[in-house]
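Just so you know, these numbers use all the heavy atoms, side chains as well, and skip hydrogens, waters and symmetry mates. In what follows, residues are counted from 1 in the order of the sequence shown. Whatever order the structure lists ligands and atoms in, that order sets their numbers, starting from 1.
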Amino acid sequence: MNFKKHVLSDPAAVGRAAAEHIVSLAQERTGEVGRFNIALSGGSTPQVTYGQLACEPLVRKMPWQQTKIYFGDERHVKPDSPDSNYRMAYEALLKHVSIPTENVYPILTDNDDIAACAEWYEDLLRVQFQRRTDAVPGFDLILLGIGPDGHTASLFPGTPAASELNHWVTWSDPVSVNPNVKPAVKRITITKPLIWNSARIFVLATGKEKAPVLANIFSEAEPANPPVSRLLRQCKGEVTFFLDRAAAG
Ligand code: 6PG
């Protein structure tokens with residue numbers, strides 16, 4: 001698998017580089033087809049990237065009116081919870097830019113039944129991608145992070161979500177497998193088929209705790225206990241890693 005890699009000096013440089021590549025991809029796609037759809041990642045790493053997109057010079061170059069923002073996963077918490085990926089994206093990016101509200105599609109978590117939340121988001125994607133059949137859709141770009149346990153999005157090791165191949169959106173209960181997962185909540189997440197079928201994937205990872213998983217992903221030899229994020233080797237689209245030196249090992 002020929003991944004693209006950008007190894008930068010530090011997390012700030014990773015955030016800048018990823019933001020610049022997002023803008024150029026967005027300009028390219030809106031120039032080609034008049035729209036750009038991106039699924040955001042949660043966690044802490046992408047916050048620098050979102051901040052770069054929200055300020056000069058990039059904020060003025062991004063085609064916000066033609067951009068549609070989705071989420072790769074969401075914690076099963078209220079949208080104003082400090083653990084909400086939507087809240088993080090809103091505070092770091094969405095509230096600072098002129099993207100039409102109707103262009104932003106949070107994963108709603110207002111139903112106590114998390115399976116219903118996942119089903120609702122999958123139905124939303126079916127409408128947005130105009131899929132009446134089960135032909136798997138794909139985003140123009142998905143941003144993903146990597147956990148030290150090898151997860152990506154909220155496809156956590158040992159959970160059924162990590163091997164879900166029929167649904168495009170499902171849910172996971174990582175705490176049932178690993179009590180140390182933080183935050184200790186259930187999640188709604190896109191699944192492998194949607195990641196595999198998307199045109200581009202940007203993986204943002206910094207810090208030395210990510211180095212072992214990344215080495216496992218990059219290894220040509222199949223490791224004995226492959227991390228879930230080794231799924232990235234089966235992507236149809238182009239996978240680009242934005243790493244700092246610590247994560248790149
Ligand atoms: C989430 C993310 C998750 C994240 C990784 C890395 O909801 O937390 O989807 O997959 O990207 O856990 O998180 P950090 O960027 O905080 O290291």
Kindly determine whether R230 and S219 satisfy side chain to side chain contact (heavy atoms under 4.5 Å, CB included), including the steps that lead there. CA-CA 9 Å; R230 199 171 158 93; S219 156; 4.1 Å; yes
Chain-and-number sorted residues having a heavy-atom contact under 4.0 Å with ligand 1 are S41, G42, G43, S44, T45, D73, R75, N85, G145, I146, H151, A153, K210
Run the side chain to side chain donor-acceptor pair (under 3.5 Å) check on N85 and R75 step by step: do they pass? CA-CA 7 Å; N85 287 338; R75 289 79 177 272; 3.3 Å; yes
Indicate whether the side chain of Y86 and that of E74 have a donor and an acceptor atom separated by less than 3.5 Å. no
Could you walk me through whether D73 and T189 pass the side chain to side chain donor-acceptor pair (under 3.5 Å) check? CA-CA 4 Å; D73 65 343; T189 180; 5.0 Å; no
Can you tell me which residue pairs pass the salt bridge (Lys or Arg N to Asp or Glu O under 4.0 Å) test with a partner in residues 137-159, sequence neighbours excluded?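 Found R29-D140, R35-D140.
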Can you label the angle between the H21 ring and the F242 ring as parallel, tilted or perpendicular, going by 30° and 60°? perpendicular
